[in-house]
Amino acid sequence: MEENKKYYVTTPIYYPSGDFHVGTCYCTLMADTLARYKRLRGYDVFFMTGTDEHGQKIEEKAKARGITPKEYVDEFVAKAKDLWKVLDISYDKYMRTTDEYHVKAVQQIFEKLLAKGDIYKGEYKGLYCTPCESFWTETQLVDGKCPDCGREVKEVKEESYFFKLSKYKDRLLQYYEEHPEFLEPEKRKNEMVKNFFDKGLEDLCVTRTTIDWGIRVISDPKHTVYVWLDALTNYITALGYTTDQDEMMKKYWPADLHLVGKEIFRFHSIIWPAILMALDLPLPKKVFGHGWLVVNGNKISKSFGNYKDPRIYIRDTSVDALRYYLIKEITFGDDGNFSEDLFIEKTNSDLSNDLGNLVSRVTAMVEKYNQGIVVKNDSLPLEDIDKDLINSAEEMIPNFEKYMDDLKTNEAIAEIWKLISKANKYIDLSTPWVLAKEENKDRLNQVLYNLVETIRIVAVPLQCFFIETPSKIMNQIGVTKEEMTWESAKTFGVLKDGTKVSKGEILFPRIDKTEELFKVEDEVVEETQEEERKGIITIDELDKVELKVGQIKEVEKVAKSKKLYKLQVDVGEKELRTIVSGLVPYYKEEELLGKQVVVVTNLQPAKLCGVESNGMLLAAGDYDVVKLLVLDNNNGILENGSNIH
RNA sequence: CGCGGGGUGGAGCAGUUGGCAGCUCGUCGGGCUCAUAACCCGAAGGUCACAAGUUCGAGUCUUGUCCCCGCAACCA
């Protein structure tokens with residue numbers, strides 16, 4: 001056993017300017033997988049994610065919504081935590097740069113570097129667009145004008161503090177030289193050196209006087225600390241750096257791995273190490289710059305319509321399916337394609353056919369041939385096919401470890417699947433159904449034992465990236481948590497004699513490609529657009545929405561869709577209205593019949609799955625729980641068609 | 001000549017220090033019936049973008065050409 005088995009892994013702290021999409025999840029999911037893996041191996045893991053909450057953009061967004069920046073970021077953090085909960089991200093700490101300890105620590109770090117002479121006061125020259133309150137560089141300008149509003153920019157000078165980045169140039173280069181494993185992948189390191197060092201490192205402007213929403217410089221309060229010293233330092237302030245309670249700092253620093261996107265790789269490979277050098281702190285052991293996802297071949301953006309809430313994917317498949325695809329299909333470090341078609345294909349072939357079906361057929365056989373009881377009998381000789389299976393099973397974990405330690409998650413997973421396919425093949429070779437017919441009870445039980453034991457071993461590393469599946473498998477093959485430890489998966493034969501197997505629910509139902517999948521509900525889209533359009537509406541605008549009491553008279557499913565009901569609703573008009581609503585997952589047909597609900601009656605008609613919908617039912621909640629707004633009929637009934645105000 | 005990445009059987013990708021071109025899916029043929037129309041076996045299909053060069057030998061090194069895609073001070 002190695003001494004000091006600790007593992008500190010971080011994701012970037014995300015900037016609350018847009019909503020999360022699959023790409024955002026990817027990095028966090030990867031960190032989560034590594035954290036789970038290290039925990040299983042007995043490491044003392046500290047896994048941190050969080051949000052970078054200061055800056056002008058936040059200020060502007062909040063202003064546009066008519067709320068304070070703090071309210072804005074609080075709202076965002078709540079949403080982020082909600083998403084991480086859905087994905088079951090096992091972070092140990094959620095870091096926020098608006099947390100008090102962080103603010104104080106940043107202020108102290110600033111003063112420390114100022115006193116040391118690594119921060120000095122100077123003058124920032126830039127091209128400024130007054131209406132936009134933004135600085136631009138020469139190269140950002142469009143035809144010499146502000147890229148945002150197209151107006152003239154003027155050169156202004158602003159008093160600023162600078163960090164002596166140039167001072168650390170040689171030490172940084174030397175460090176890269178001596179620690180080839182520090183920056184990965186290799187190609188990104190080359191990019192850094194070529195692009196920036198060769199051009200020379202300029203000192204870095206670390207304060208602004210134009211931004212209010214940020215951390216004040218104590219010795220000069222008209223300045224706020226700019227992103228570099230505020231955001232990057234989160235990795236140490238979260239551990240209590242500069243405070244009395246810095247046991248965490250002693251225990252976990254230096255970080256073992258900073259996982260970052262390629263767009264911020266530069267800051268983590270140049271600026272952050274320089275800051276640490278200035279603070280006389282050791283550098284993180286590794287900074288890994290992963291690639292970006294494209295969705296269906298297109299860059300993720302709203303205009304391509306692929307900027308979807310990741311929960312859409314989970315809703316139509318499962319958390320485990322999404323986690324599997326992202327970690328298996330994308331070569332860590334490179335850009336990857338999140339193809340929705342491929343996602344379904346992979347889920348069906350790898351998860352349903354290979355893994356799910358294996359568990360299903362093995363548990364079925366144990367029930368059918370031996371009343372669910374697994375028999376261990378070591379006195380029987382092993383046949384060649386047995387030895388082959390057992391060898392593969394015992395080799396799997398060591399290979400898996402090798403790849404995981406190299407951050408090659410896709411290859412690590414491939415090792416598990418090699419064993420799964422070996423087990424499927426073993427069934428064909430050993431033909432248990434023939435043994436059953438021949439009433440060769442001993443051999444049959446031996447074969448079944450080997451299969452169940454293989455499944456147990458397979459399930460152990462699955463715990464690194466699956467949330468629901470490992471425990472489902474454990475229940476079905478009747479093993480306890482103690483029989484699922486990392487070390488136990490290295491030896492074949494741990495499974496006890498007399499283990500009770502019971503065929504349970506199907507692990508991964510096959511997904512029917514003809515179903516309409518991953519569709520963003522119209523209502524959801526409108527909601528987000530509404531939010532984009534920002535904030536407050538007047539009473540007149542509210543009056544534009546015509547709300548009436550409606551009673552559901554008929555309910556039928558829309559044939560082509562998984563989620564849509566076609567409803568006939570009485571809103572006090574001569575004829576019933578046809579309204580299509582995505583309530584199938586949340587209400588049964590009979591639950592809806594007769595309900596008096598709130599209907600938007602002047603909504604522009606829309607075709608959903610070929611059926612025209614004339615209105616919309618109001619409901620609350622999203623994804624997990626959706627509840628219709630229904631009338632309180634305790635004290636008498638309102639007529640259908642009554643106005644609502 | 002701003003920087004970088006990539007062009008490999010129908011699709012998506014792997015290919016370490018140059019040594020008979022691999023994987024998954026799909027297609028076609030066969031087998032099996034324990035299983036989620038799943039599983040197992042076999043087959044077809046590539047002049048590794050193009051051209052020249054180094055070498056006994058290049059997808060892998062050098063040079064040039066064409067095409068695609070990112071980045072260019074903060075979108076993961």
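None of these values were measured; they are calculated from a predicted model. Naming convention: chains lettered A, B, ... in sequence-line order (proteins, then strands); numbering from 1 in each chain.
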Over how many whole Å does the gap from Phe508(A) atom CZ to A38(B) atom C1' extend?
15 Å
Do Arg443(A) and Glu438(A) sit within salt-bridge range, that is, some charged N less than 4.0 Å from a carboxylate O?
no
Is Asp88(A) salt-bridged to Arg323(A), cutoff N-O under 4.0 Å?
no
Check every strand shown and say whether Tyr14(A) touches a base, only sugar-phosphate, or nothing at a heavy-atom separation below 4.0 Å.
sugar-phosphate
With under 30° as parallel and over 60° as perpendicular, where do the rings of Phe466(A) and Tyr324(A) fit, or are they tilted in between?
tilted
If the plane angle is over 60° it's perpendicular, under 30° parallel, otherwise tilted; pick one for Phe110(A) and Tyr161(A).
perpendicular
What distance, rounded to whole Å, do you find between the two P atoms, one in A14(B) and one in U8(B)?
11 Å
If the C1' atom of G9(B) is compared with that of C28(B), how far apart are they to the nearest Å?
15 Å
Can you classify the ring geometry of Phe343(A) versus Tyr313(A) as parallel (below 30°), tilted (30 to 60°) or perpendicular (above 60°)?
perpendicular
For Leu342(A), report the nucleic acid contact type (base, sugar-phosphate, nothing); a contact means any heavy atom under 4.0 Å.
sugar-phosphate
Of all heavy-atom pairs linking Thr33(A) and Met404(A), the shortest is CG2-CE, 4.0 Å
How close or far is atom C1' of G5(B) from atom CZ of Phe265(A), stated in whole angstroms?
14 Å
Roughly how many Å apart are G15(B) and A49(B), using the P atom of each and rounding to a whole number?
15 Å
Using a 4.0 Å heavy-atom cut-off, does Leu507(A) contact any base of the nucleic acid, only the sugar-phosphate backbone, or nothing at all?
base
Scan residues 345-367 of chain A against RNA chain B and write down, sorted by residue number, each residue with any heavy atom closer than 4.0 Å; if none is found, say none.
Glu345(A), Lys346(A), Ser349(A), Ser352(A), Asn353(A), Asp354(A), Gly356(A), Asn357(A), Ser360(A), Arg361(A), Ala364(A), Met365(A)
Please examine the side chains of Gln476(A) and Leu507(A), heavy atoms only from C-beta on, and report whether any two atoms are closer than 4.5 Å.
yes
Provide, to the nearest angstrom, the distance between the NZ atom belonging to Lys422(A) and the P atom belonging to C39(B).
18 Å
Given that Pro509(A) and Lys425(A) both sit by RNA chain B, which one's nearest nucleotide is further toward the 5' end?
Pro509(A)
Using the C1' atom as the point on both nucleotides, what is the distance between G7(B) and C40(B), in whole Å?
36 Å
I need the NZ-P distance between Lys61(A) and C75(B), as an integer number of Å.
11 Å
Work out how far the P atom of U60(B) is from that of A51(B), and round it to whole angstrom.
13 Å
With a 4.0 Å cut-off on N to O distance, would you call Lys57(A) and Glu60(A) a salt bridge?
no
How long is the line joining CZ of Arg266(A) and C1' of C71(B), in whole Å?
8 Å
Are the side chain of Thr51(A) and the backbone of Val77(A) linked by a donor-acceptor contact shorter than 3.5 Å?
no
Let's test your reading of the pairing rules: Watson-Crick or G-U wobble, both distances under 3.5 Å, then write RNA chain B as a dot-bracket string with ( ), [ ], | and dots.
.((((((..((((.....[..)))).(((((.......))))).....(((((..]....))))))))))).....
Taking atom C1' in both C75(B) and C13(B), compute the distance separating them and give it to the nearest angstrom.
27 Å
Thr317(A)-Tyr325(A) side chain donor-acceptor pair, cut-off 3.5 Å:
no
Separation of the P atoms in C23(B) and C56(B), to the nearest angstrom:
32 Å
Residue-level proximity of residues 430-456 of chain A to RNA chain B when a heavy atom falls under 4.0 Å:
Trp433(A)
From CD1 of Ile413(A) over to P of C13(B), roughly how many Å is that when rounded to an integer?
17 Å
Test the Lys81(A)-Tyr94(A) pair against the cation-pi criterion, namely NZ or CZ under 6.0 angstrom from the six-membered ring centroid and within 45° of the ring axis.
yes
Expressed as a whole number of Å, how far does the C1' atom of U33(B) sit from that of G12(B)?
32 Å
Should Trp213(A) and Tyr72(A) be marked as a ring pair (Phe, Tyr, Trp, His ring centres under 6.0 Å) after you check the CA-CA gap, both sets of side-chain angles, and the distance that decides it?
CA-CA 12 Å; Trp213(A) 179 239; Tyr72(A) 177 87; 9.7 Å; no
Nearest whole angstrom, please: distance from the P of U16(B) to the CD of Glu411(A).
11 Å
Can any side-chain N or O of Asp52(A) pair as donor or acceptor with the backbone N or O of Tyr15(A) at less than 3.5 Å?
no
Between Ile427(A) and Lys57(A), which has a closest nucleotide on RNA chain B that is more 5'?
Ile427(A)
Integer-rounded Å distance: A37(B) P and Asp512(A) CG
12 Å
